[in-house]
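Notes follow the structure.
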There are 2 protein chains.
Amino acid sequence: MHFSVTEENYIKAIFHLQQEDGTVSTNELAAVLATRPASVTDMLKKLKTKKLLSYEKYKGVRLTAEGKRLALAVVRKHRLWEYFLVHTLQFGWDEVHEVAEELEHITSRKLVDKLDVFLGYPKFDPHGDPIPDSQGKMQQQQQVNLIDLPPGTAAEVSAVGSQSTELLELLRHKSIGIGTRLEVKKKFGFDHSIEIKIKGQTAFIISQQLAQALFVKLI
Amino acid sequence: MHFSVTEENYIKAIFHLQQEDGTVSTNELAAVLATRPASVTDMLKKLKTKKLLSYEKYKGVRLTAEGKRLALAVVRKHRLWEYFLVHTLQFGWDEVHEVAEELEHITSRKLVDKLDVFLGYPKFDPHGDPIPDSQGKMQQQQQVNLIDLPPGTAAEVSAVGSQSTELLELLRHKSIGIGTRLEVKKKFGFDHSIEIKIKGQTAFIISQQLAQALFVKLI
DNA sequence: AAAATTATTTAGATTTGCCTAAAAATAAAT
DNA sequence: ATTTATTTTTAGGCAAATCTAAATAATTTT
Ligand SMILES: [Mn+2]
Ligand SMILES: [Mn+2]
Ligand SMILES: [Mn+2]
Ligand SMILES: [Mn+2]
């Protein structure tokens, strides 16, 4: 089976959305794919006949095992290419998402596997997201949202909740990246901001929105 | 300006064909693109309105300066990726053409230039074809067809005349590659076969077809 | 120079992915 | 339980890239 770029993008979007919800709605899909609900309905019918998803009118959609396999293959390529762009070609971590969005659709299986070998079988991409192996298995980090840490906890940043340029720009400005170690000093109920301290720097406060976009693991 | 994969493939095909002929015919294009003459005519009209080529009904076609620029950009990407696949990812030189055919359409300019840096600004791809620099300039080797060498001449293989799997398979079997040094021993008028000698091997005979597919530089 | 062959273009359809506008189903509010 | 609002689907069309079959132009042969 070989699928078009558009079909792969739909499958990947459904995969990501159904992590949160169990089942995915037409409107949600239209929103993340920047297209119209009517177009989504058309595509869902097609992907159903290709057995990549189960779909009943008005009932939302859910990937089949086959659809999940495809989604994981695309995610694997996306994240491996991002790792390549950052670690081999010296891109900034905020510059790679768009390019990987294209590279993830290159079809050669051999290419992906050789790239994986060359990179040394990385387990996480530059944004802290796990890279599926050639079997589609990925190592889940036991990570928690920074907003949920109680004061006094030390932690290491392990992932970001979005690839938006704005977020990554802010993080660069505050010198926060994957692997940064920090300690929660104080939490302010009024605006849910959090005071954190990074070794060698004076403590500073980050907003609720930023804290919610950061995932950490305890150390 | 941004162009579709199909448009880029047409422009690249015209570029290669017009190296030999000055002007390119509808049927030639249909043949190399594995499509129908009628489809070619449609596309030529479109590419004309985009000012990538000059075209008069029944008169054949020729790239404009703009069209040539685009063609060289695609060729640059194609050959840089081939170099990457062979030298970085350890592909065989006979396995890379198809994959590069997809990778050449990735749009990021920054990606190409960073890839070029990473690879060390290579001047020739794995098949001996020159890689255009970011200005579109490429270094032409003063190479000659092996079939035209007189007996007694020593030479080094610098390029192959096609990327076909069959050719590359035959070359691997005879341990001939880019950089192989050889000497022409004798030429046989009957079938235009040529006896050649590679250092450390006993002399052997290659066919006219193979000799015509090999380009060499004198040493 | 006329006839036959070959090359190229037009005409009319098809497929994919998308759109707008309108209809139908579901969910929420009164 | 109706009415209202939201979500989703259908209907009908459009643009890109392709195709087959038929028409026209160019070339070659006789
Ligand atoms: Mn994509
Ligand atoms: Mn990522
Ligand atoms: Mn191509
Ligand atoms: Mn090549």
Side-chain angles (χ1 to χ4, degrees), chain A residues 1-15 17-18 20-63 67 70-71 74 101-102 104-105 107, chain B residues 1-15 17-18 20-63 67 70-71 74 101-102 104-105 107:
Chain A
M1 276 296 116
H2 181 237
F3 302 97
S4 75
V5 168
T6 308
E7 289 169 334
E8 290 189 349
N9 283 337
Y10 268 84
I11 293 298
K12 196 179 61 153
I14 295 166
F15 176 80
L17 286 172
Q18 78 177 21
E20 293 145 27
D21 325 20
T23 165
V24 180
S25 77
T26 303
N27 269 9
E28 281 179 296
L29 264 173
V32 311
L33 292 170
T35 185
R36 295 306 178 140
S39 309
V40 172
T41 300
D42 287 347
M43 182 59 84
L44 292 183
K45 286 185 201 159
K46 183 161 59 129
L47 294 175
K48 181 184 180 172
T49 74
K50 297 196 177 187
K51 303 205 190 301
L52 293 174
L53 46 81
S54 57
Y55 163 63
E56 303 290 335
K57 269 193 190 185
Y58 295 102
K59 299 266 204 161
V61 76
R62 182 189 289 275
L63 295 184
L70 175 58
V74 176
E101 207 55 48
E102 290 183 53
E104 72 189 2
H105 304 290
T107 49
Chain B
M1 275 300 114
H2 181 236
F3 303 96
S4 75
V5 168
T6 308
E7 289 170 335
E8 289 190 349
N9 282 336
Y10 268 85
I11 292 299
K12 196 180 63 154
I14 295 165
F15 176 81
L17 286 172
Q18 79 178 20
E20 293 146 25
D21 327 20
T23 166
V24 180
S25 76
T26 303
N27 268 9
E28 280 179 295
L29 264 173
V32 310
L33 292 170
T35 185
R36 295 306 178 143
S39 310
V40 172
T41 300
D42 287 345
M43 183 57 85
L44 292 183
K45 287 185 201 160
K46 182 162 57 133
L47 294 174
K48 181 184 180 172
T49 73
K50 297 197 176 186
K51 303 208 189 299
L52 292 174
L53 47 81
S54 56
Y55 163 63
E56 305 289 336
K57 268 191 191 187
Y58 294 104
K59 299 265 203 163
V61 76
R62 183 188 289 275
L63 295 183
L70 175 58
V74 177
E101 207 55 49
E102 290 184 53
E104 71 189 0
H105 304 290
T107 49

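Small disclaimer: the values here were computed from a predicted structure and weren't measured. Every chain is numbered from 1, with letters handed out A, B, ... down the list of sequences. Reckoned from all heavy atoms, side chains included, excluding hydrogens, waters and symmetry mates.
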Side chain of [X], backbone of [Y]: donor and acceptor closer than 3.5 Å?
| X | Y | result |
| --- | --- | --- |
| B:E7 | B:S4 | yes |
| B:K48 | B:S54 | no |
| A:E28 | A:S25 | yes |
| A:E102 | B:T107 | yes |

Under-4.0 Å side-chain N/O to phosphate OP1/OP2 contact, [X] with [N]:
| X | N | result |
| --- | --- | --- |
| A:Y55 | D:dT8 | no |
| A:Y10 | C:dT16 | no |
| A:K45 | D:dT9 | no |
| B:N27 | C:dT8 | yes |
| B:K57 | C:dA7 | no |

So what does A:K59 touch, heavy atoms closer than 4.0 Å: a base, only the sugar-phosphate, or nothing?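 Here A:K59 touches no strand at all.
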Does anything in residues 31-41 of chain A come within less than 4.0 Å of DNA chain D? Heavy atoms only, and list the residues if so. A:P37, A:A38, A:T41
Restricting to nitrogen or oxygen on both sides, can you table the protein-nucleotides 23-25 of chain D pairs closer than 3.5 Å?
{"unit_1": "D:dT24", "atom_1": "O2", "unit_2": "B:Y58", "atom_2": "OH", "d": "3.4"}
{"unit_1": "D:dA25", "atom_1": "O4'", "unit_2": "B:Y58", "atom_2": "OH", "d": "3.4"}

I would like to know whether B:K45 and B:T41 meet side chain to side chain contact (heavy atoms under 4.5 Å, CB included); could you show each step before the answer? CA-CA 6 Å; B:K45 287 185 201 160; B:T41 300; 4.1 Å; yes
Between B:R62 and B:V24, is a side chain to side chain contact (heavy atoms under 4.5 Å, CB included) present by the stated rule, with each step listed? CA-CA 7 Å; B:R62 183 188 289 275; B:V24 180; over 6 Å; no
As an exercise, state the distance from OG1 of B:T23 to OH of B:Y55, rounded to the nearest 0.5 Å. 11.0 Å
Could you list the protein-to-nucleotides 13-16 of chain D atom pairs, N/O on both sides, closer than 3.5 Å?
none

Between A:K12 and A:E101 (salt bridge meaning N to carboxylate O under 4.0 Å), is one present in this structure? yes
Looking only at non-hydrogen atoms, find the nearest pair between A:P37 and A:N27 and report the distance.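 Result for this residue pair: CG-OD1, 3.4 Å.
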Step-by-step side chain to side chain contact (heavy atoms under 4.5 Å, CB included) determination, A:Y10 to A:V40: CA-CA 9 Å; A:Y10 268 84; A:V40 172; 4.0 Å; yes
